[in-house]
Amino acid sequence: MDTAVSTADPRDITIIGGGPTGLFAAFYAGMRGMSARIVDSMPELGGQLAALYPEKYIYDVGGIPQILARDLAARCIEQGLQFGADVRLEEQIDELIREPDGSFTLTTNRGRYPTKAVIIAAGKGAFAPRVLECAGYERLLGRGVTHHVKDPAHYEGKRVLIVGGGDSAVDWALNLKDRTRRLILIHRREGFRAHAHSMRLVEEAVRAGQLELLTHREVREIHGEDRVTAVTIFDNRTDVDTHLEVDAVLALIGFKPDLGPISRWGLELERHAIRVDAHMQTSIPGVFAAGDVCTYDGKLELIATGFAEACIAVNYAVHYIDPKARVNPGHSTNLKVFKDREDEVVPVGD
Ligand SMILES: Cc1cc2nc3c(=O)[nH]c(=O)nc-3n(C[C@H](O)[C@H](O)[C@H](O)COP(=O)(O)OP(=O)(O)OC[C@H]3O[C@@H](n4cnc5c(N)ncnc54)[C@H](O)[C@@H]3O)c2cc1C
């Protein structure tokens with residue numbers, strides 16, 4: 001792994017977080033002729049949609065009656081990156097350095113990112129996965145143990161143990177049930193926090209013999225030399241152990257939201273969120289915030305509001321960078337940046 005820290009080319013706007021809000025901010029920045037960069041600590045873009053509930057349907061985004069979260073994430077990515085925003089994944093923003101000329105440098109473990117303005121779209125902060133507190137977890141993490149499913153095809157024909165009682169664990173159990181040789185879902189309590197409809201599908205999968213469901217079970221130890229070969233689980237009512245031979249352990253027990261270093265930048269905070277004014281401006285000029293990470297009177301934590309806040313944040317960031325630039329972007333229907341494109345496209349119906 002390359003651990004060298006290098007300074008990247010400067011961008012007009014650097015967006016911390018590649019969830020729906022950050023991606024829409026990248027789109028809007030491009031539409032306004034600004035160069036943009038997204039930095040996200042996760043291995044993929046999409047924020048909570050991709051990391052927490054990819055298999056759930058969303059019904060309350062304007063103009064889209066029903067869409068799977070992962071499909072909305074894909075659309076946000078397509079729209080957000082169309083103007084060539086630079087994307088840096090698996091990098092957590094650490095420091096905000098204020099330069100004498102009013103610009104900034106953001107630092108991560110791998111890079112230094114000079115920028116004229118910053119938009120914080122960090123949601124609930126970098127998702128730190130909750131870890132299983134059992135022998136073998138740390139040692140076998142990445143070698144059969146994971147807290148993040150990247151490619152379901154990887155589990156084809158395997159014996160898989162899923163740990164967790166929330167949407168993520170249940171959604172992945174449903175997703176993998178047709179692929180695995182043996183699939184076991186354990187939860188430390190009786191009740192699951194997952195969506196009622198998902199739980200009905202789980203019951204069907206159990207009846208069909210595609211899934212084994214065990215409640216009041218926890219992991220005592222994960223076994224294996226180079227890779228996972230087995231687990232010992234125990235019944236937390238009787239303390240009786242069960243040995244299971246498995247090839248993979250998916251510890252889908254949630255993420256701890258953590259604003260981390262951002263909370264130490266001297267921004268005005270209110271209950272773990274960043275206070276913004278009506279321009280989405282934080283207490284540091286040139287640093288804006290949008291989406292779940294920000295708060296103001298009347299704030300709602302929704303995808304729809306995040307989109308609107310991203311739009312406001314970008315337009316005021318443009319004005320911060322160039323005070324002569326208009327805040328109002330005009331209507332996309334009339335913008336030259338799209339008109340040029342329309343000239344190349346044969347309109348539907350011709
Ligand atoms: C189970 C569930 C169901 C939901 N259903 C709906 C729904 O039906 N409708 C709806 O409107 N909303 C729904 N929501 C809420 C919605 O998902 C959020 O409002 C939305 O994701 C917020 O988007 P965001 O881009 O602001 O933040 P996020 O989606 O949280 O994205 C923030 C990104 O910032 C990154 N990040 C954070 N800190 C750093 C850092 N220091 N450095 C680098 N990267 C960082 C994170 O890794 C993350 O990718 C649901 C949420 C959950 C959990």
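We number each residue from 1, following the sequence as shown. Counting convention: from 1, in listed order, for ligands and their atoms alike.
Less than 4.0 angstrom separates some heavy atom of I303 from each of these atoms of ligand 1: 10 (C), 11 (O), 12 (N), 16 (C), 19 (O). Less than 4.0 angstrom separates some heavy atom of G47 from each of these atoms of ligand 1: 29 (O), 31 (O), 48 (C), 49 (O). Residue E301 has at least one heavy-atom neighbour below 4.0 Å for each of these atoms of ligand 1: 19 (O). Annotation for ligand 1: atoms under 4.0 Å from non-hydrogen atoms of V39 are 43 (C), 44 (N). In the vicinity of G17, heavy-atom distances shorter than 4.0 Å reach the ligand 1 atoms 33 (C), 34 (O), 35 (C).
A salt bridge is defined here as a Lys NZ or Arg NE, NH1 or NH2 lying under 4.0 Å from an Asp or Glu carboxylate O, and K124 with E301 meets this definition. Using a 4.0 Å cut-off between charged side-chain N and carboxylate O, R275 and D297 make a salt bridge. Using a cut-off of 4.0 Å between Lys/Arg side-chain N and Asp/Glu carboxylate O, D9 and R37 are scored as salt-bridged. Classification of D40 and R88 as a salt-bridged pair fails, no side-chain N sitting under 4.0 Å from a carboxylate O. Remark: K299 engages E309 in a salt bridge, criterion side-chain N to carboxylate O under 4.0 Å.
Side chains of Q92 and N109: no donor on one and acceptor on the other come within 3.5 Å. A donor and an acceptor atom, one from each side chain of S283 and E268, are nowhere located under 3.5 Å apart.
In this structure, the protein non-hydrogen atom closest to atom 42 (N) of ligand 1 is I93 N, 2.9 Å. If you check which protein heavy atom lies closest to atom 38 (N) of ligand 1, you get A126 N, 3.0 Å. Among all protein heavy atoms, the one lying closest to atom 43 (C) of ligand 1 is S41 N, 3.3 Å. Of all protein heavy atoms, the one closest to atom 23 (O) of ligand 1 is P20 CG, 3.4 Å. Protein heavy atom nearest atom 19 (O) of ligand 1, with residue, atom name and distance: D292 OD1, 2.9 Å. Among protein heavy atoms, the minimum distance from atom 47 (O) of ligand 1 is reached at D40 OD1, 2.7 Å. Given atom 50 (C) of ligand 1, the protein heavy atom at minimum distance is Y53 OH, 3.2 Å.
Remark: R179 fails to qualify as a cation-pi partner of Y155 under the 6.0 Å distance and 45° angle criteria applied to the six-membered ring.
Here the shortest heavy-atom distance to atom 53 (C) of ligand 1, taken over K124, M42, Q48, belongs to Q48. Nearest-residue assignment for atom 27 (O) of ligand 1 (options P261, G46, G123; heavy-atom criterion): G123. With distances taken over non-hydrogen atoms, the option nearest atom 9 (N) of ligand 1 out of T21, D60, L300 is D60.
At a 4.0 Å cut-off, at least one heavy atom of A121 sits close enough to ligand 1 to count as contact. Under a 4.0 Å heavy-atom criterion, G260 is not in contact with ligand 1.
V314 places none of its side-chain heavy atoms less than 4.5 Å from the side chain of I15. Within the 4.5 Å cutoff, the side chain of W265 has heavy atoms near those of the I120 side chain.
The part of L49 lying near ligand 1 is the side chain, judged by heavy-atom distances below 4.0 Å.
The distance between the ring centers of Y28 and F24 falls below 6.0 angstrom.
Checked against a 3.5 angstrom limit, the closest N/O atoms of L259 and ligand 1 fall outside it.
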